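It should be emphasised that the depicted structure is a prediction, and the values quoted were computed from it without experimental measurement. No hydrogens, no waters, no symmetry mates; every other heavy atom, side chains included, goes into these values. Indexing begins at 1, ligand by ligand and atom by atom, following the structure's order.
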Amino acid sequence: MERTLTPINHPLTGTLEVPGDKSISHRAVILGSLSRGTTVVENFLDGEDCLSTVNAFKCMGVNIRREGTTLSIEGRGLDGLKEPPAPLNLGNSGTTSRLLLGVLAGQPFHACLTGDESLSRRPMDRVADPLREMGAAIDGREKGKYFPISIRGTNLNPITYTLPVHSAQVKSAILLAGLFAEGRTTVIEPVPTRDHTERILPAFGGEIKRNGQYISIEGGQELKGTRFTVPGDLSSAAFFITASALVQGSDLTIKHVGLNPTRTGIIDLLKQMGAPVETKVTEKIGEEPVGDIRIQGSPLKGMKIEGEVIPRVIDEIPLIALAATQANGVTEIRDAKELRYKETDRIQAVVDVLTKIGADIQELKDGMVINGPVTLKGGTVSSYHDHRIGMMAAIASFISEGPVTIEHPSCINISYPQFFHHLNQLKQE
Ligand code: S3P
């Protein structure tokens, strides 16, 4: 299957609401399942990744009903999960895999995890190592580095663990395992990563302590069901934020979107590149700030991007690279080697896709260098079966001279099933 997108000949205007946040949707299902009583999640992201999390907990005996984007979860408490009778197929979802391993480490049973080809190439030793230190027995391909993985949980020992990779998934896996350990588990995070686990836990009556780089959780806390509305996903909004920044004369507002500062790197960078972006926090959902983003089209300038901002923009770097093709001067992205371990090697994929449609871009070991501005001609590119690469290529069609054809576009359903609908809406307005 492929999809051909024609260029746009007018600015983007109006307002848009994007679907619920992927990271928060996963965490709401996990904590709802581990709580006592009912949890109702509104604006749940009905993308394939989050449905993998729902399915995994259903297979462990949790009663979860979904009507559209509303979930109702009958939580079973910390000790209520059941041994899954068959391997859990987690599809394409790295977040489900890492966070679930944290939960399974503390269960008195065995589970086997499988996934698609992409997930089977992604490193799991980053969570298997600390979880083994806590006492879990984990095995799999290459000694448990890759799926399929089997895990036998146990009574866990608490640990103090310094994150060797800047990964919210690893941090969250250890904190979730910490719920099942006897005593205090501490994660030391040298560079801040997204902190949704820390922010959502209090909504379920849980306690977590943050002190600079130290994040601590006590084991054995009783969690209580709650009602929670998931904010719009800034990573999904980022596609149309970038489109609006790139099409001169645009003036687009995205409403009810999560503005958690550990996620707003894309806004900071586009501003530094010269785009007028305004954000306004209008409410707080639990501890998550939520609000509106207004973005106008503007000439951009290239810049060097490295260091602490990288984890705050990790999923949006493909879009920054696209924006850089239109920016005046050189944009150099460094310290982003983690991109090589995403759904596909996103450094290689971004360089390949943007080169094919006419960009001047070179691959670096830990990033890329882009020279701009250039006219993107358009052409045929692969999504690499990676939702964010497919959507980045689709956004390129807003500024390309000729059409952009995307091969294997269905992967976009992983995180943004309404993407093409929203794209067509904005192109037609
Ligand atoms: C996520 C964390 C990030 C991000 C992923 C979702 C999360 O991964 O890329 O899309 O929900 O914790 P890492 O923590 O591995 O960088």
### Query
Counting heavy atoms only, which of Lys342, Arg388, Arg122, Arg194 is nearest atom 8 (O) of ligand 1?
Lys342
### Message
Please state which option from Arg27, Gln169, His387, Glu316 has its nearest heavy atom closest to atom 1 (C) of ligand 1.
### Response
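Nearest option to atom 1 (C) of ligand 1, by heavy atoms: Gln169.
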### Query
Any side-chain donor-acceptor pair under 3.5 Å between Gln213 and Asn211?
no
### Query
With sequence neighbours left out, which residue pairs that include part of residues 60-72 fulfil the side chain to side chain donor-acceptor pair (under 3.5 Å) condition?
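Residue pairs with at least one partner in residues 60-72: Glu42-Thr70.
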#### Entry: Nearest non-hydrogen protein atom, atom 15 (O) of ligand 1
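Protein heavy atom at minimum distance: Ser167 OG, 3.1 Å.
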### Query
At under 4.0 Å between heavy atoms, which part of His196 makes contact with ligand 1: side chain, backbone, both or neither?
neither
Would [X] count as a contact of ligand 1 if the rule is a heavy atom under 4.0 Å away?
X: His26; answer: no
X: Lys171; answer: no
X: Thr193; answer: no

## Note on the structure
From the list Thr193, Asp268, Thr262, side-chain hydrogen bond (donor to acceptor under 3.5 Å, both in side chains) partner of Arg312 resolves to Asp268
#### Entry: side-chain hydrogen bond (donor to acceptor under 3.5 Å, both in side chains) partner of His196, chosen from Lys22, Glu287, Arg263
Arg263
### Sequence-distant partners of Ser35, side chain to side chain contact (heavy atoms under 4.5 Å, CB included), two or more places apart
Phe204, Leu223
